[in-house]
Amino acid sequence: MKTFLKGKNTEVIINTEGPVIIIGESINPTRRKRLVTTLQENDFTYVFELAENQIRAGADVLDVNVGFPGVDDVRLLPDVVVAIGEKFDIPLCLDSPNPKAIEAALKVSAGKCLINSVNGKEESMTALLPVARDFGAAIIGLCMDDEGITNDPEKRLAIAEKIIERAVRTGLRAEDVIIDPLAMAVSAEPQACIIAAETIRLIHQKLGHNITMGASNISFGLPNREDINSAFMAIAIMNGLTCPIANPEKIAGLVHATDLVLGRDDYAIRFIEHYQSTL
Ligand code: THG
């Protein structure tokens with residue numbers, strides 16, 4: 001199955017057969033105080049710096065999250081989307097819990113965006129699926145619903161199926177629903193990686209959809225996060241993860257290495273190219 005996203009002129013294809021597509025996570029105020037202070041002053045130079053560094057490191061899509069306490073994201077998210085669009089030609093993943101901010105950003109974005117995110121709650125599907133259809137956007141469907149987050153992979157699969165079914169009924173194409181199995185912190189839930197990996201395997205084998213996740217969630221609160229993220233990333237890719245939301249500056253090499261050892265990079269062409277372009 002293939003999901004197409006678009007920048008102004010570029011097209012990115014997320015293919016369930018690989019290779020892995022990296023959605024750069026760094027435009028996100030979580031623990032990035034400088035992003036908050038610069039955005040509060042309508043200064044986008046730091047956003048541009050984060051975008052450029054991620055693209056150079058191998059990001060194919062950029063996640064854009066400008067949520068922080070007190071922000072008017074219905075104004076700020078579209079402003080940032082326009083500003084990025086003027087400088088970079090790359091598809092965007094609009095990351096906001098506010099459907100009004102998502103809609104305002106879709107109105108001004110040039111390409112085909114990914115909406116981050118819709119979940120299995122009635123309220124979420126009702127608010128966002130018609131918007132996605134009207135703007136021709138793809139969506140990320142989170143495996144949680146009105147009953148919260150379950151640790152049972154089969155139940156997470158059922159929520160994924162529900163979101164896909166409702167999206168198709170609303171008028172989206174099935175391939176425009178990318179599923180997020182939910183990766184939780186392994187420091188809080190020892191089975192978090194196993195539950196996510198099994199959910200990925202079930203979604204890949206039974207539904208055949210593209211799969212994303214916030215890969216670095218897994219290592220919250222622990223030292224040496226990079227090694228934990230890497231260990232989990234390889235397992236998740238093997239099971240069917242196709243477009244992680246991650247920091248390409250830290251994970252792109254591991255991602256390309258995983259594609260290579262999974263036999264999805266003939267003659268190591270992409271792997272070698274990565275080092276030619278980043279060194
Ligand atoms: N699923 C979906 N969307 C998501 C998430 C998810 N969006 C947000 C988040 N989870 C993924 N994005 C991030 C962004 C930054 C960090 C983690 C996840 C992060 N930042 C560093 C920190 O907290 O220490 C700071 C910067 C750095 O060193 O890179 O970890 O699960 N659909």
Salt bridge (Lys or Arg N to Asp or Glu O under 4.0 Å) between K8 and E86: does it pass, once the steps are laid out?
CA-CA 9 Å; K8 239 176 322 199; E86 282 167 1; over 6 Å; no
Side-chain donor-acceptor pair present, T150, D152, cut-off under 3.5 Å:
no
Any side-chain heavy-atom pair of L182 and M213 under 4.5 Å:
no
Candidate pair Q191 and E198, rule side-chain contact (heavy atoms from CB on, under 4.5 Å), full reasoning:
CA-CA 11 Å; Q191 297 301 313; E198 175 61 5; over 6 Å; no
Check for a donor-acceptor pair, side chain of S96 on one end and backbone N or O of I102 on the other, with a separation under 3.5 Å.
no
Under the side-chain contact (heavy atoms from CB on, under 4.5 Å) rule, what do H209 and M1 come out as? Steps first, then yes or no, please.
CA-CA 6 Å; H209 275 243; M1 190 179 286; 3.7 Å; yes
Before you tell me yes or no, could you show the steps for D180 and T212 under side chain to side chain donor-acceptor pair (under 3.5 Å), namely the whole-Å CA-CA distance, both residues' side-chain angles and the distance that decides it to 0.1 Å?
CA-CA 5 Å; D180 184 334; T212 184; 5.4 Å; no
When you measure from the side chain of D95 to the backbone N and O of V64, does any donor-acceptor pair fall under 3.5 Å?
no
Could you tell me which non-hydrogen atom of I27 sits nearest to which non-hydrogen atom of L35, and how far apart they are?
C-CD2, 4.0 Å
One should read off an interatomic distance between C243 SG and L114 CG, to the nearest 0.5 angstrom, of 7.0 Å
Carboxylate-amine/guanidinium proximity below 4.0 Å for E165 and K162:
no
Decide yes or no for L39 and F68: does some side-chain heavy atom of the first lie under 4.5 Å from some side-chain heavy atom of the second?
yes
Shortest non-hydrogen pair, A215 vs M233, comes out as CB-CE, 3.5 Å
Are V80 and F88 co-members of a hydrophobic cluster defined by side-chain heavy atoms under 4.5 Å apart?
yes
Could you tell me which non-hydrogen atom of N119 sits nearest to which non-hydrogen atom of M144, and how far apart they are?
CB-O, 3.6 Å
Check whether N210 reaches the backbone of T242 with its side chain - one donor and one acceptor, N or O, closer than 3.5 Å.
no
Mind checking whether L94 and N116 have side chains closer than 4.5 Å, heavy atoms only?
no
If we ignore hydrogens and angles and just use 3.5 Å, is the side chain of D60 paired with the main-chain N or O of I21 as donor and acceptor?
no
Determine, step by step, whether E161 and R156 satisfy the salt bridge (Lys or Arg N to Asp or Glu O under 4.0 Å) criterion, reporting the C-alpha distance in whole Å, the side-chain angles of both residues, the deciding distance to 0.1 Å, and the verdict.
CA-CA 9 Å; E161 272 183 292; R156 289 194 188 178; over 6 Å; no
Report yes or no: does N239 contribute a side-chain atom to a donor-acceptor pair with the main-chain N or O of A197 at less than 3.5 Å?
yes
Any non-hydrogen side-chain atom of V71 less than 4.5 Å from a side-chain atom of L77?
no
Evaluate the side-chain contact (heavy atoms from CB on, under 4.5 Å) criterion for residues R32 and L50: first the C-alpha distance (whole Å), next the side-chain angles of each, then the deciding distance (0.1 Å), finally the verdict.
CA-CA 11 Å; R32 265 208 185 81; L50 291 169; 3.9 Å; yes
Does the side chain of K6 come within less than 4.5 Å of P91's, by heavy atoms?
no
Least distance between heavy atoms, T45 atom then D43 atom:
OG1-OD1, 2.7 Å
Evaluate the side-chain proximity of V20 to P244: yes if any heavy-atom separation is below 4.5 Å, no if none is.
yes
Closest non-hydrogen atoms of C143 and A160, given as atom of the first, atom of the second and distance, are SG-CB, 4.0 Å
Flag the pair K112 and D176 as a salt bridge only when some basic side-chain nitrogen lies within less than 4.0 angstrom of an acidic carboxylate oxygen.
yes
Polar side-chain atom of R133 near backbone of T170 as donor-acceptor pair, under 3.5 Å
yes
How far does CD1 of I178 sit from CD1 of I115, to the nearest 0.5 angstrom?
11.5 Å
V81 and V61: same hydrophobic cluster, using ILVMFWY side-chain contacts below 4.5 Å?
no
Verify same cluster id: F44, I90 (apolar side-chain graph, 4.5 Å):
yes
Taking T10 for its side chain and D89 for its backbone only, find out whether a donor-acceptor pair lies under 3.5 Å.
yes
Could you tell me whether K121 and D145 make a salt bridge, using a distance below 4.0 angstrom between a side-chain N and a carboxylate O?
no
Hey, are the side chains of E175 and F4 touching, using non-hydrogen atoms and a 4.5 Å cut-off?
no
Nearest 0.5 Å, what's the CD1-SG distance between I235 and C193?
7.0 Å
Should R75 and N42 be marked as a side-chain contact (heavy atoms from CB on, under 4.5 Å) after you check the CA-CA gap, both sets of side-chain angles, and the distance that decides it?
CA-CA 11 Å; R75 181 190 63 79; N42 274 319; 3.5 Å; yes
Of all heavy-atom pairs between F232 and A183, which one has the smallest distance, and what is that distance?
CE2-CB, 4.3 Å
Under the 4.5 Å side-chain heavy-atom rule for ILVMFWY, direct or indirect, which residues accompany F220?
none
